[in-house]
Number of protein chains: 4
Amino acid sequence: MATQATEQTGASLSEHYAAVRRLSLAIAAPLSDADATIQPMPDASPAKWHLAHTSWFFETFLLRDHLPGYRLHDERWAYLFNSYYDGEGDRHARPRRGMLSRPSLDQVRAYRAAVDAAMAAAIGDLPAELVTLGLNHEQQHQELMLMDLLATFAENPLAPALWDSGPRPTAALPPPARWLEGRDGPVEIGHAGAGFAFDCERPRHPVLLPPHALADRLVTNAEWLEFIADGGYTDPLLWLSDGWAWVREHSIEAPLYWRADEAGWTRFGLDGLQPLGVAEPVCHISYYEADAFARWAGARLPTEAEWEAAAESGDPRSGNQLDSAGAVRPTGAGGWFGDAWTWTASAFLPYPGFRPAGGAVGEYNGKFMCSQMVLRGGSCATPRGHLRASYRNFFYPHQRWMFAGLRLARDP
Amino acid sequence: MATQATEQTGASLSEHYAAVRRLSLAIAAPLSDADATIQPMPDASPAKWHLAHTSWFFETFLLRDHLPGYRLHDERWAYLFNSYYDGEGDRHARPRRGMLSRPSLDQVRAYRAAVDAAMAAAIGDLPAELVTLGLNHEQQHQELMLMDLLATFAENPLAPALWDSGPRPTAALPPPARWLEGRDGPVEIGHAGAGFAFDCERPRHPVLLPPHALADRLVTNAEWLEFIADGGYTDPLLWLSDGWAWVREHSIEAPLYWRADEAGWTRFGLDGLQPLGVAEPVCHISYYEADAFARWAGARLPTEAEWEAAAESGDPRSGNQLDSAGAVRPTGAGGWFGDAWTWTASAFLPYPGFRPAGGAVGEYNGKFMCSQMVLRGGSCATPRGHLRASYRNFFYPHQRWMFAGLRLARDP
Amino acid sequence: MATQATEQTGASLSEHYAAVRRLSLAIAAPLSDADATIQPMPDASPAKWHLAHTSWFFETFLLRDHLPGYRLHDERWAYLFNSYYDGEGDRHARPRRGMLSRPSLDQVRAYRAAVDAAMAAAIGDLPAELVTLGLNHEQQHQELMLMDLLATFAENPLAPALWDSGPRPTAALPPPARWLEGRDGPVEIGHAGAGFAFDCERPRHPVLLPPHALADRLVTNAEWLEFIADGGYTDPLLWLSDGWAWVREHSIEAPLYWRADEAGWTRFGLDGLQPLGVAEPVCHISYYEADAFARWAGARLPTEAEWEAAAESGDPRSGNQLDSAGAVRPTGAGGWFGDAWTWTASAFLPYPGFRPAGGAVGEYNGKFMCSQMVLRGGSCATPRGHLRASYRNFFYPHQRWMFAGLRLARDP
Amino acid sequence: MATQATEQTGASLSEHYAAVRRLSLAIAAPLSDADATIQPMPDASPAKWHLAHTSWFFETFLLRDHLPGYRLHDERWAYLFNSYYDGEGDRHARPRRGMLSRPSLDQVRAYRAAVDAAMAAAIGDLPAELVTLGLNHEQQHQELMLMDLLATFAENPLAPALWDSGPRPTAALPPPARWLEGRDGPVEIGHAGAGFAFDCERPRHPVLLPPHALADRLVTNAEWLEFIADGGYTDPLLWLSDGWAWVREHSIEAPLYWRADEAGWTRFGLDGLQPLGVAEPVCHISYYEADAFARWAGARLPTEAEWEAAAESGDPRSGNQLDSAGAVRPTGAGGWFGDAWTWTASAFLPYPGFRPAGGAVGEYNGKFMCSQMVLRGGSCATPRGHLRASYRNFFYPHQRWMFAGLRLARDP
């Protein structure tokens, strides 16, 4: 409701703008300049880069393009903070983003403040749709920032916690998953109507679903331990060919951030190194692992259409999502949204009749429609209010630094 | 018709077996031992390996498993000629297949003769379905063998021709492509019924097609030259993100096997180095290139369902396909089948309700259902009789040593 | 003289200790936490790491090993700050040193202060020879820190200057180099006597020098520009085979840190981006480049023995060396010491009768005696007081982030 | 004596020419076209390439350059068979030499015959020195051909033997090595006088040798087994830094071509897979391994000067060297020459006053004088008559497909 409101009136758009921008700063609050500078791998970016890039988006596509007379905060920074918009000119090589100690975190914060001041003054005169796009873009980077910070701190042998999570209650193991019969026959998926959605969620269109059932919850760490104990990581017949090659090349034996010591399994998170919570949903797995687990379990992954048809009955603002800065982690509250993204069996491809958004900002989802798989439902690191049942996330099958888990499906 | 016949009676199965096996030898006839030993890249295999591996398939899954008392031709060869069946034990590393000068081509021919003699004697007692699978498997390797030989000879600065193609008549440029309105609404795709099909073509199932149109022919080299002249390979906005990275990393400027010299473009083929035939369908392009061309042309690639719905009206035995050994090349006779595989916009994924074939031979199509795109329609290198409208081929988006081209589609 | 004094009395050893340790902090003074955290390439280390590692050396080999009851500042840090002493246990992977935002620069400074306090209190009771080794070790890391900071800032498209060098006077081009006749016949090289020297400088031993001459100064940037203009980087006949492969693989066209723009050549340094000083000695070249230049010039590189025999007449404390923190750069004052290390034609190999130093600290120079070339004479980044005529530095032939240049030699 | 004779009279030069050229063909006699086509790794070349390249050398530098009116056998072949002479134009990429099934082995033999016929007719009018260089060059390639064939057959899981070595008598373990006191003080090394030598062996010059002793024989496999049993491959303190990185990256646990099975160690050779002969000299080790063994044994490797000063007393035609085609292998007959090349502690660098040979053929030894170590004494695969005490071979420290072993040295 709030989101919809902000899309209709300048006043509440201002408030929404301020709230979203504030959350980014809150996430970065405990960071040192050095913390915010590190790039742990080419797929990830420094926190400072996220803070600056999201501001560059507003500065470029709103202030520069729509506010006559606006002067750039620093002309040289477009080169540094453009992500991949070829239409916006050359840019710093992605794998070298971690080489930038200058500008400092404080300078980036000052950049944000300057952009925010200009936005606040002008927001009533700026195209609301584009502002909303910028805010959704920033929310995506909030989740990316959390993922990348986790990857950064996981590199440190001292295993520092970004946030203290306080005492973690021992959760009871959930009962065995139940199978929910899915809708079959023609159903509509995708986004329609006035509210915001990314271009890749459109157009809404009919698909035919086969008879199927979906598990009523995500797979847990306890179930994953069974998979490991049963030799899941050592039996090639469970794996896709690419997946098995990946397992062997990287000596994969457990989800990312799991560590084995004498006392058993621990997992590293934004709350530091903690005992593995067996009742929690499994997280930080690749598509290969999700697919292998499903095969081992005699099931399969849901398609994105099956998932969406079921999740339309849920509340996208419910579940374990990101409300404020702090040690996010999957807890397994259940429902269709939050905790961990659900790998689907669907490749990220255009919907029938897909049209990229117009202008430079259209150089976006469409260019990634190849070799990636769709994930649905958001995670504990997704800002609450950002999701929809039609929301499509996408990653390469081998990636696992995002908060990704799985939910089983099966044919009748 | 013939295929169907061979699936029903032992007698004609024998004939079909003999014919298919003969064609493999005919393809290899002009090869020296050395020609047949080279592996030009990890994706490809030596011709000798194809000849042996297809025989290993019959020896293992038919003779060994179904003929009591059968003794292996050479016990050590399973290690050499198993392709990827993990259920069949360890095997020689794929990228080292070109290291095997022994066994020689003559020894491999003797292996084939021994297997064929045993098969001929026993074929009436063997499961016909599995024999038919082995023959279809061998036909796939016939096309692979032609692809791999082309890749091999293309490595040789002397540009040797495997076959002399004789004089090539100058073909007239085809008229501009016309748009054929496609079927929309619910249509069925996939294979059903008694005839042979691979597991990935099943089950036949309904899909909903959007309104769309398909070009009445493949894209030609003349059209591709326009794409090049218009800067197609230098404009990042035309390309998928992965595709643009691939273009830059490998300095791609034209389809594979095209060469520029003072006199203009030539292309290398199994008939050696020849002037580029502008009326011919473009061939040896990657998915990235096909997709970029379609975007440049203001169109898109067809989905596999759109293609199949249209191609069901065609005759899978028609068009420019492989009838006998000789210098295959695309000529552009038109129709839905032959000349060059059509890249589709569809990822290679399981159909709803997909079940892998039973037994060791089921470790096959299913394990490749990740990160590959579907191609349809066969090529000049596909043995005539091997295709169906439901036939699904698949390659990674960057690969282009297969005979692959494109046909445009568009939304209304 | 001062060095010798500090080796004899506890009092002046304290002063020397304090002075050396102070210089490290002075070099790091202008650094932000982020500046000090970045590792620009696997060969280099973060400034913070240098500051901590040199302290770890004193803490480990002096305080821990020789001060009963000493408690480690942080037991977990040995893992982080051990460089390569296998005898001291496992350690953090070298290429991941840039992943450590924690401990912070301030925490590392506190570590230094704690170690220094303990050292100050105990220095009279500690083995002076080992303290002196630690100080020489720290001086080496001071030069490395400057090299690594230059590599770090060179990665930043904003080209930040670490120090402002003030106005740079235009230097007059030096006259053509004159040839100084070298000593031939038996000469002694290497270190003997009581003063400090690294194990690889010992034992002093006789060698036979052929008749030869040495240039009276280093090669200048003006002379290097002639080499470039004459096609030096494009003629394979000038290059070692490995060197030519390196030139082609990395598209080498000029010394490291040189940049061409419309206005001509600039070079990046610790004083930022500056016009190339043609009178300055060329710097940041690889052995391959030095060797190719010498061949182009009809000369050769000196052997280390030729160089040492000549340099024994010089004052190792003279020339352009590091006196205090600030923007070091080669200026070309002349003489045998300072400005830029001289690549020699000698491989870094043990002298006859070489014995590594005893104990864990002996796991040092000897293990690098393979595939590296000797450099002599120090540079503008070498702390004054650290050098001797017998001093041997060594790098791989392709490396060039150190302050390395060349001096020509020739046969009669 | 024969060699010297052939350098003086046209008649015996003809005979020498014929004999050397014959041996190359004899080595290749048992090869199939496919055997002769495989390139097992970028460092190695196909046998066919060796046969053609050595002929290209005579055709180019003798027939083309010195025989007016000579027409090239095939103008396109220079591109294929030039090794690395940049002065001779572009050439086929070295790592793709294994892609050439055409020309065939028979065509290459015909090329040899044509070159030989032209050489035989013209030899009296050709510069004898250059012919002799060509023959020495061919002898080098004879040893390389044997090394590369061994590497080729070692890739084949069937472990084919190129030659049957017949029954191998069980050799008695040699007595412990005795230390021979070496010459110290000034000695002369290098080649002087009229006989043939490579440019890198010149000029003969004095060096000062320290007091030292050399073992009277090569290290045996029995001694190497002790090194392994004592954890030689697992103790980093025994290894050079580069060596230890190499051991870990490649999981090195034994010399190349050693294989462990239930029955113990075997080694693969040109005579196939055979039980490890403990009395034989260890062979196929890297410099890193030789150096680590010497350190483990409390000794060191000899310098090339120490070795040469001692070996001048030996007969370079004695020992286990290559007399005719057949299964070469180290046997340990003793002496300074043959069996296995001796890794020395000397880098391959120019002698004082070194001048490369004139003309295109001078683009040779000099360009490799970087990062390689000298080996001395020849091996069982070196054609008898090719060696001298001053002969310098050189390889990179990690290479081990050549027949290389070690002999210990020590300081007094």
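Order of the sequence lines fixes the chain letters, A, B, ..., with proteins taken first and strands second; residue numbering starts at 1 for each chain.
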- Does B:Glu59 use its side chain to pair, donor to acceptor, with the backbone of B:His73 at less than 3.5 Å?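 Checked: pair present.
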
- Task: Keeping the roles fixed (side chain from D:His141, backbone from D:His50), state whether a donor-acceptor pair exists under 3.5 Å.
- Result: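 Not at all, since once roles are kept as given, no pair shorter than 3.5 Å links the two residues.
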
- Message: Heavy-atom cut-off 4.5 Å, strictly under: side chain, backbone, both or neither for B:Ser101 against chain D?
- Response: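 Answer is both: backbone and side chain atoms of B:Ser101 are under 4.5 Å from chain D.
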
- Which region of B:Leu80, side chain (C-beta onward) or backbone (N, CA, C, O), has a non-hydrogen atom less than 4.5 Å from a non-hydrogen atom of chain D, or is it both or neither?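 Looking at B:Leu80, just its side chain touches chain D.
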
- Query: By a 4.5 Å heavy-atom criterion (distance strictly below it), what part of D:Leu158 contacts chain B: side chain, backbone, both, or neither?
  - Reply: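 Both backbone and side chain.
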
Hey, what's the ring geometry for [X] with [Y], parallel, tilted or perpendicular (30° and 60° as the breaks)?
X	Y	result
D:Tyr364	D:Tyr85	parallel
D:His137	D:His53	perpendicular
B:Phe57	B:Phe61	perpendicular

- Message: Under 6.0 Å from the ring centre and within 45 degrees of the ring axis: does the NZ or CZ of D:Arg267 meet both conditions for the six-membered ring of D:Trp258?
- Response: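 So D:Arg267 doesn't make the cation-pi contact.
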
- Item | Contacts of type ring pair (Phe, Tyr, Trp, His ring centres under 6.0 Å), residue D:Tyr257, not counting sequence neighbours |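 Partners of D:Tyr257 under the ring pair (Phe, Tyr, Trp, His ring centres under 6.0 Å) test: D:His284.
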
- Return the option, out of B:Gly98, B:Ala36, B:Pro160, B:Pro40, with the maximum number of heavy-atom pairs under 4.5 Å with chain D.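 Max contact count across the listed options: B:Pro40.
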
- Task: Give the member of D:Thr37, D:Asp35, D:Leu31 that has the highest number of heavy-atom pairs under 4.5 Å with chain B.
- Result: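 Top option by heavy-atom pairs under 4.5 Å: D:Asp35.
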
- Does any non-hydrogen side-chain atom of B:Leu23 lie less than 4.5 Å from one of B:Ile27?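 They are in contact (side-chain heavy atoms under 4.5 Å apart), so the answer is yes.
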
- Query: Counting a contact as any heavy-atom pair under 4.5 Å apart, which residues of residues 102-110 of chain D contact chain B?
  - Reply: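 Interface residues of residues 102-110 of chain D: D:Arg102, D:Pro103.
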
